[in-house]
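Contents: one structure, followed by commentary.
Quantities reported herein were computed from a predicted structural model and do not represent experimental measurements. Indexing begins at 1, ligand by ligand and atom by atom, following the structure's order.
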Amino acid sequence: MKIKIIGGGPAGMYFAILMKRARGGHEITIYERNGPDDTFGWGVVFSGKTLAALRRADEPSHAEITRDFEAWDNVDVVHGGDKISIHGNSFSGIARIRLLKILQRRCEELGIAMHFHRDIADVDSVKSDCDLVIDADGVNSFVRESFKQHFQPELSSRPNKYIWYGTNQLFHGLTLTFRETPAGVFAAHSYKFDKTTSTFIVECDPQTWSNAGFGEKPEAETRAYLAEVFAPDVKGHPLLSNNSKWINFVLVKNGRWSSENVALLGDALHTAHFSIGSGTKLAMEDAIALKRCFDDTSDVSVALRRFEEVRKPVIEDYQAAAYESMVWFENARQYMNLDPLALAYSLMTRSKRIDYDTLKRRDPAFIAAYESADMKA
Ligand SMILES: Cc1cc2nc3c(=O)[nH]c(=O)nc-3n(C[C@H](O)[C@H](O)[C@H](O)COP(=O)(O)OP(=O)(O)OC[C@H]3O[C@@H](n4cnc5c(N)ncnc54)[C@H](O)[C@@H]3O)c2cc1C
């Protein structure tokens, strides 16, 4: 089969790897607008369950990913001066650039052609001379826009503002920190992803953003302002920028997932709020699911129909959980009167995927402390 892939992110490269492994005769080409060393963002997270799926799908890249990643089992909630740790939540982090380099090397090893600095602006010319086009060009997908009559995308830009920084302060575990200031409430989502660096995403509601004057503040002043807000947490370390800008999260859904021989994959197809740390995971799991649909057939339309049938319910379920989580953070201000244990409980159960019984099983000491604080109140 002749396959062309637009976008050399995790979704596009991982699908190429899995298809080429399955059948060496496939002719696969990836077009990526950036260079091999350009990236944005800091670390990406995977759950224990996702890592097991990656091992089953491709052992060599799984071995590389897990060679020196950072693993933890706690979520820490910091509110006021208190930190509450909740255990039993297995996650690990790796730098996005490291993940991309591992996948690039694996593509090269398998004989997949990767063309960097190739910005695809004409989909018709790509789709005419191949059997399958994978549109893995990310959240602002140009291909999805070009075929919007067919894909029927639904995009909704959410009200909160967020900005993706790094820091050399190491956060052992997923740490959710809340700081109340005269401007309003700021939340930080942080976790370490290598020996020296943590991801540090700051989120706030539009009122707080405007009260703090971020619309007019130059980048360096914004960073200094936020380092001051989170001074007790970053402990003197500066916030590190990687072309970091305030953005609004865009929730992406598509009415249809493919058009003729063109299929959407990863962020181009769907997004889930970063507070459940799942963009990269979902992109790679999409690749696994789509490759499986080609295991029993080489008929592109049959496989693409099957992909939508089996994967859509999984994504809808995930997006529903991520939606609850996103809305919790959009309304963070209203939870600030809770004591730290009650806030931690509310946070842990926000997506409705984890309930009282799950928490009691994972961390009985946390539930005991929560109940005893509740009785005193
Ligand atoms: C600013 C920002 C920072 C982020 N940082 C993190 C992070 O630190 N950790 C994390 O887990 N997630 C992060 N995410 C989310 C994460 O990047 C995605 O959920 C995940 O990478 C999805 O994988 P993907 O392959 O579908 O898309 P992407 O990783 O976005 O890959 C799409 C690729 O397509 C390329 N492309 C786009 N258009 C074209 C075109 N016309 N022609 C050729 N190539 C094209 C892009 O250059 C890109 O390499 C971030 C998102 C944003 C917007």
Can you tell me the protein heavy atom closest to [atom] and the distance?
atom: atom 34 (O) of ligand 1; answer: Gly7 CA, 3.2 Å
atom: atom 35 (C) of ligand 1; answer: Glu32 OE1, 3.2 Å
atom: atom 25 (O) of ligand 1; answer: Ala11 N, 3.0 Å
atom: atom 42 (N) of ligand 1; answer: Ile120 N, 3.0 Å
atom: atom 18 (C) of ligand 1; answer: Asp267 OD2, 3.1 Å
atom: atom 31 (O) of ligand 1; answer: Gly9 CA, 3.5 Å
atom: atom 9 (N) of ligand 1; answer: Gly43 O, 2.7 Å

- Query: Can you name the nearest heavy-atom pair linking Asn74 to Trp72, along with the distance?
  - Reply: O-CD1, 3.3 Å
- Closest contact, heavy atoms only, Pro10 versus Leu99: CG-CD2, 4.5 Å
- Message: Check this for me: Tyr335, atom OH, are more than 12 non-hydrogen atoms of other residues, nucleotides or ligands nearer than 6.0 Å?
- Response: yes
- Query: In this structure, are over 12 heavy atoms from other groups packed under 6.0 Å from Lys217 atom NZ?
  - Reply: yes
Compute the shortest N/O to N/O distance between [X] and ligand 1 and return yes if it is under 3.5 Å, no if not.
X: Trp42; answer: yes
X: Arg33; answer: yes
X: Val45; answer: no
X: Tyr162; answer: no
X: Pro10; answer: yes

Number the atoms of ligand 1 from 1 as they appear, then name those within less than 4.0 Å of a heavy atom of [X], with their elements.
X: Asn34; value: 47 (O)
X: Tyr31; value: 43 (C), 44 (N)
X: Gly138; value: 27 (O), 30 (O), 32 (C)
X: Gly266; value: 26 (O)
X: Asp119; value: 40 (C), 41 (N), 42 (N)
X: Ala136; value: 32 (C), 33 (C), 34 (O)

- Will you find, in the side chains of Asp363 and His87, an N or O donor that is under 3.5 Å from an N or O acceptor? no
- Query: Side chains of Ser244 and Arg223: donor-acceptor distance under 3.5 Å anywhere?
  - Reply: no
Taking the six-membered ring where the residue is Trp, are the ring centres of [X] and [Y] under 6.0 Å apart?
X: His189; Y: Phe329; value: yes
X: Phe91; Y: Tyr191; value: no
X: Phe178; Y: Trp328; value: yes

- Item | Lys195/Glu70 ion pair, N-O < 4.0 Å | yes
- Message: Between Glu64 and Arg67 (salt bridge meaning N to carboxylate O under 4.0 Å), is one present in this structure?
- Response: yes
- Item | Ala283, portion touching ligand 1 at heavy-atom distance under 4.0 Å | side chain
- ligand 1-proximal atoms of Arg118, by part, heavy-atom distance under 4.0 Å: backbone
Determine, considering heavy atoms only, which of [options] sits nearest to [atom].
atom: atom 13 (C) of ligand 1; options: Phe274, Trp164, Tyr165; answer: Trp164
atom: atom 10 (C) of ligand 1; options: Leu265, Val44, Asn242; answer: Val44
atom: atom 16 (C) of ligand 1; options: Arg96, Met13, His270; answer: Arg96

- Looking at Tyr318, is Arg353 sitting on its ring face, NZ or CZ under 6.0 Å from the six-membered ring centre and within 45 degrees of the normal? yes
- Note on the structure: So CE of Met326 and CZ of Arg350: to nearest 0.5 Å the spacing works out to 12.0 Å
